[in-house]
Amino acid sequence: MKKWLSLLFIAFLTVAMLAACSPDREEESTGGDSEGDSSESSEDGMPEKPEKLVIWEDKDKAVGLEPAIESFEEEHGIEVEFKELDMSTKMGEQLRLDGPAGTGPDILTLPHDQIGQFAIEGLLSPIDVDSSVTDIYTEASIQAQTYEGELYGLPKSTETPVFIYNKEHMDEVPEDFDELFEFTKEFNDGDQYGFLALWDNFYFGNSIMAGYGGYVFAEEEGALNPQDLGLNNEGSIEGAEYIQQWYEEVFPSGIVGESGGSAKDGLFEDGNVASMMDGPWAYQALNEAGIDYGAAPLPKLPNGEYPQTFVGVKGWHLSSASENKEWATELMTWITNEENAKIRYEETNEIPPVTALIEDPIIADNERARAVAVQSERAVPMPNIPEMGEVWEPMAQALQVIATGKSEPEDALNDAQETIEQQIESNHSGN
C-alpha cells in the first residue's frame, strides 16, 4: 500500500513539472513582459507583425496623417514610416520603379481615377475588409474605390464642384436653376454677372447632362462597361440644350475655351460675379482676395433633379509588392476610421467621405465644408477605367461648339460619341 502511494505521488510530481515547463503557458504565449516585440505571434489570427510599414502620402499632407500613425504604433507596436510625394506627378512614376524593386510603399495615396490603370499594370492589389469597415463611408466614395467589381482601397477625402456665391450680391442660395436663371438675367449689366460656369468643360458640363439622365459608361454588376456609352442619349441631349440656353442668353462670350477658367476666376475675385460653379480648390484664392463668400450644394435643375457632378476621391491603396498585405490593410483601416478621418479633416480641411461626419458639427456647422460633403453624396464618381482618357477631348470639342452655337447639341454629341467609340476600339480592344 505504501509502495502504491509512493508511485502515485511520484507520478503527480512528474505531471506538475511537465506542466510548469510547457511552452504553452499563458505568460509565454502572450509575450510575457516583452511589450512591442514584433517577433512574437500576432493577435486575432493575423500574421506575424512586421518591424515596419511604409506609407506614401501626398505632398504637404502628412500633418493629417501623423496622429493616426502614432496611435497605430502605440496600439500594435509596429513602426510606420511615411514619405511625401507629389501625388499628381511623381507618385505613379515612383511606384512603377520602386514597387517591383521592393523599395516601394506598403500603402500609398492616389486619386481614384488612376486605380484602373495601376490595377491593369499589376501595381495594386484588391483589399479584403469586412462590411463593417466599408459601411462608414458614402456609397459614392466606395464605388470610386472599386474597379472591375473589386475594392482597391479605402477613401480618405472627397471633392466636387459646388455653388459658390458672393454674399455682397446674393443673400441666399436660389432654390433651383430656374430662379438662378431669372436672377442672372436681371443682375447682368455687362460688367457684373449673376452666375458663371465652365459648362463647355466636360468635367463641369457633364453634371448638367447627367442630371437629365445622361451617363458616360453604363454600370453592370459593379463594373463600368466601356462599350455602353450614354453621351448622346436623350438625357444628354436635353442637358446639352439647357447648357446652350445659358450660353445664348446669359453667359458672356469670354467664358469659353482654355481661357474661360481664368476669366471666370478673375471676375469673381474682383467682386463682379454674384455666384459661380467651382470646387473647394477655389476657396484659398477667394480667401486671399478678401471675398465674403458662401457655398452650398448646387440647386435643382428644371426637371427637378440635382446636377450630378463628378466626384473625385483620394484613397489609400495597397501596393501589390507589399510583403505585409494583411497588416498594411489593417493600417489602412485604422488611418481612415471615423476618429482619424475627423482629425485629418481638422488638419488639412480635406472633406472625409465618412457618413457620420457629414452630420458632425465640425462639418455640418461649416457652410463651405458641408456644401462639398452634401454635393458629394449627389455626385457620381469620375470613371476610373483607362477608357475614360478617350472621352475628355471629344466631349470638350462637342460642348464648345454647342456653347458657341456652331452646332446643334444632338449633332455635336453624336459626332463626339462616334469618335470616342472608335478611339476605344482602336486603343483598348485588348483590355
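We use all heavy atoms of the structure for the numbers below, so side chains are in, but hydrogens, waters and symmetry mates are not.
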### Message
Counting neighbours of CG on Asn225 that are heavy atoms of other residues, nucleotides or ligands and sit closer than 6.0 Å, is the number greater than 12?
### Response
yes
### Centroid-centroid under 6.0 Å between Trp199 and Phe251 rings
yes
### Query
Does atom NZ of Lys59 have more than 12 heavy-atom neighbours from other groups under 6.0 Å away?
no
### Query
Side chains of Phe268 and Leu196: closer than 4.5 Å at any heavy-atom pair?
no
### Query
So do Val80 and Phe72 actually touch side chain to side chain, heavy atoms under 4.5 Å?
yes
### Query
What's the spacing between Thr309 OG1 and Met277 CE if we round to 0.5 Å?
6.0 Å
### Steps toward salt bridge (Lys or Arg N to Asp or Glu O under 4.0 Å) verdict (Glu367, Lys167)
CA-CA 13 Å; Glu367 180 186 19; Lys167 294 184 176 182; 3.4 Å; yes
### Query
So, do Pro105 and Ile55 sit near enough that their side-chain heavy atoms are less than 4.5 Å apart?
no
#### Entry: Carboxylate-amine/guanidinium contact Glu84 Lys61, below 4.0 Å
no
### Query
Just how far is it from atom OG1 of Thr404 to atom CD of Gln244, taken to the nearest 0.5 Å?
8.5 Å
### Query
If you round to the nearest 0.5 Å, how far is CG of Leu97 from CD of Glu93?
8.0 Å
### Side chain Tyr247, main chain Asp200, donor-acceptor under 3.5 Å
yes
### Query
Between Asn324 and Pro50, is there a donor-acceptor pair closer than 3.5 Å when you use the side chain of the first and the backbone of the second?
no
#### Entry: Salt bridge flag under 4.0 Å for residues Glu81 and Lys52
yes
### Message
Could you measure the distance from the CG atom of Asp58 to the CG atom of Leu108? Nearest 0.5 Å is fine.
### Response
11.0 Å
### Query
Do His428 and Gln423 get their side chains close enough for a donor-acceptor pair, meaning under 3.5 Å?
no
### Message
Keeping Asn340 on the side-chain end and Trp334 on the backbone end, is there a donor-acceptor pair under 3.5 Å?
### Response
yes
### Query
For atom NZ of Lys300, is the number of surrounding heavy atoms from other residues, nucleotides or ligands below 6.0 Å larger than 12?
no
### Task
Could you walk me through whether Tyr193 and Val250 pass side-chain contact (heavy atoms from CB on, under 4.5 Å), step by step?
CA-CA 8 Å; Tyr193 304 95; Val250 293; over 6 Å; no
### Query
Relative to each other, are the rings of Phe310 and Trp392 parallel, tilted or perpendicular (30° and 60° limits)?
perpendicular
### Query
Has the side chain of Lys156 got a donor or acceptor atom that lies under 3.5 Å from a matching backbone atom of Thr336?
no
### Query
For the residue pair Ala296 and Val162, what are the closest heavy atoms and their distance?
O-CB, 3.5 Å
### Query
Taking all non-hydrogen atoms of both residues, which atom of Leu224 and which atom of Asn384 are closest, and how far apart?
CD1-N, 4.2 Å
### Query
In chain order, what residues pass the side-chain hydrogen bond (donor to acceptor under 3.5 Å, both in side chains) check against Asp228, with sequence neighbours excluded?
Tyr215
### Query
Does the side chain of Tyr283 come within less than 4.5 Å of Ile164's, by heavy atoms?
yes
### Message
Do Tyr147 and His112 make a side-chain contact, defined as non-hydrogen atoms from C-beta onward lying under 4.5 Å apart?
### Response
no
## Note on the structure
CG (Leu124) and OG (Ser319) are apart, to the nearest 0.5 Å, by 7.5 Å
### Query
Taking Ser275 for the side chain and Gly194 for the main chain, is one N or O donor matched with an acceptor at less than 3.5 Å?
yes
### Query
Can you check side-chain hydrogen bond (donor to acceptor under 3.5 Å, both in side chains) on Ser141 and Thr138, steps first, answer last?
CA-CA 5 Å; Ser141 68; Thr138 63; 3.0 Å; yes
### Query
Just by modelled atom types, is the Pro299 backbone N or O under 3.5 Å from a matching donor or acceptor in the Glu175 side chain?
no
### Message
Quick check on Glu393: does its CD atom have over 12 non-hydrogen neighbours (other residues, nucleotides or ligands) under 6.0 Å away?
### Response
no
### Query
Which pair of non-hydrogen atoms, one from Thr160 and one from Tyr203, has the smallest distance, and what is that distance?
CA-OH, 4.4 Å
### Query
Does some side-chain heavy atom of Leu110 sit less than 4.5 Å from a side-chain heavy atom of Trp316?
no
### Summary
Closest non-hydrogen contact found for Val354 with Ala341 is CG2-CB, 3.9 Å
#### Entry: N/O donor-acceptor pair under 3.5 Å between Asn232 side chain and Ile237 backbone
no
### Summary
Quick note, ring pair (Phe, Tyr, Trp, His ring centres under 6.0 Å) partners involving residues 348-382, not counting sequence neighbours, are none
### Query
Quick one: are the ring centres of Phe195 and Tyr165 less than 6.0 Å apart?
no
### Task
Apply the test side-chain hydrogen bond (donor to acceptor under 3.5 Å, both in side chains) to residues Asp135 and Ser132: give CA-CA distance (whole Å), side-chain angles for both, the deciding distance (0.1 Å), then the verdict.
CA-CA 5 Å; Asp135 285 349; Ser132 62; over 6 Å; no
### Query
Could you give the distance from CE (Met395) to CG (Leu229), rounded to the nearest 0.5 Å?
9.5 Å
### Message
Among residues at least two apart in sequence or on other chains, which ones pass side chain to side chain contact (heavy atoms under 4.5 Å, CB included) with Val374?
### Response
Pro297, Arg370, Arg378
### Task
In plain terms, say whether Glu269 and Lys264 are close enough for a salt bridge, that is, a side-chain N and a carboxylate O under 4.0 Å apart.
no
### Message
Determine whether the aromatic ring centres of residues Phe181 and Phe177 are separated by less than 6.0 angstrom.
### Response
no
### Query
Is a donor on one side and an acceptor on the other found under 3.5 Å between the side chain of Thr333 and the backbone of Thr329?
yes
### Query
Would you find more than 12 non-hydrogen atoms of other residues, nucleotides or ligands less than 6.0 Å from Glu179 atom CD?
yes
### Query
Taking side chain as C-beta onward, heavy atoms only, is Val273 less than 4.5 Å from Gln192?
no
### Message
With a 6.0 Å cut-off (strictly less than), is the heavy-atom count around CD of Glu339, excluding the residue itself, greater than 12?
### Response
no
### Task
Count the heavy atoms of every other residue, nucleotide or ligand shown that sit under 6.0 Å from CD of Gln245, and state whether that count exceeds 12.
yes
### Message
Quick check: do Met209 and Leu399 have side-chain heavy atoms less than 4.5 Å from each other?
### Response
yes
### Message
Quick one: does any side-chain atom of His317 pair with a main-chain N or O of Tyr152 as donor and acceptor, under 3.5 Å?
### Response
yes
### Minimum heavy-atom distance between Leu298 and Pro161, given as atom pair plus value
CD1-O, 4.2 Å
#### Entry: Glu350/Arg344 under salt bridge (Lys or Arg N to Asp or Glu O under 4.0 Å): CA gap, chis, key distance, verdict
CA-CA 8 Å; Glu350 292 189 335; Arg344 186 179 188 280; 2.9 Å; yes
### Task
Might you point out which heavy atoms bring Ala398 and Leu413 nearest each other, and give the distance in Å?
CB-CD2, 4.4 Å
### Message
Just by distance, no angles: are the side chains of Ser262 and Asp265 close enough, under 3.5 Å, to form a donor-acceptor pair?
### Response
no
### Message
Ignoring hydrogens and geometry beyond distance, is a side-chain donor-acceptor pair present between Glu288 and Gln284 at under 3.5 Å?
### Response
yes
### Query
Where the side chain of Lys83 meets the backbone of Glu57, is there a donor-acceptor pair that is under 3.5 Å apart?
no
### Query
Do other residues, nucleotides or ligands put more than 12 heavy atoms under 6.0 Å from Glu249 CD?
yes
### Message
Side chains of Asn427 and Glu390 only: does a donor on one sit below 3.5 Å from an acceptor on the other?
### Response
yes
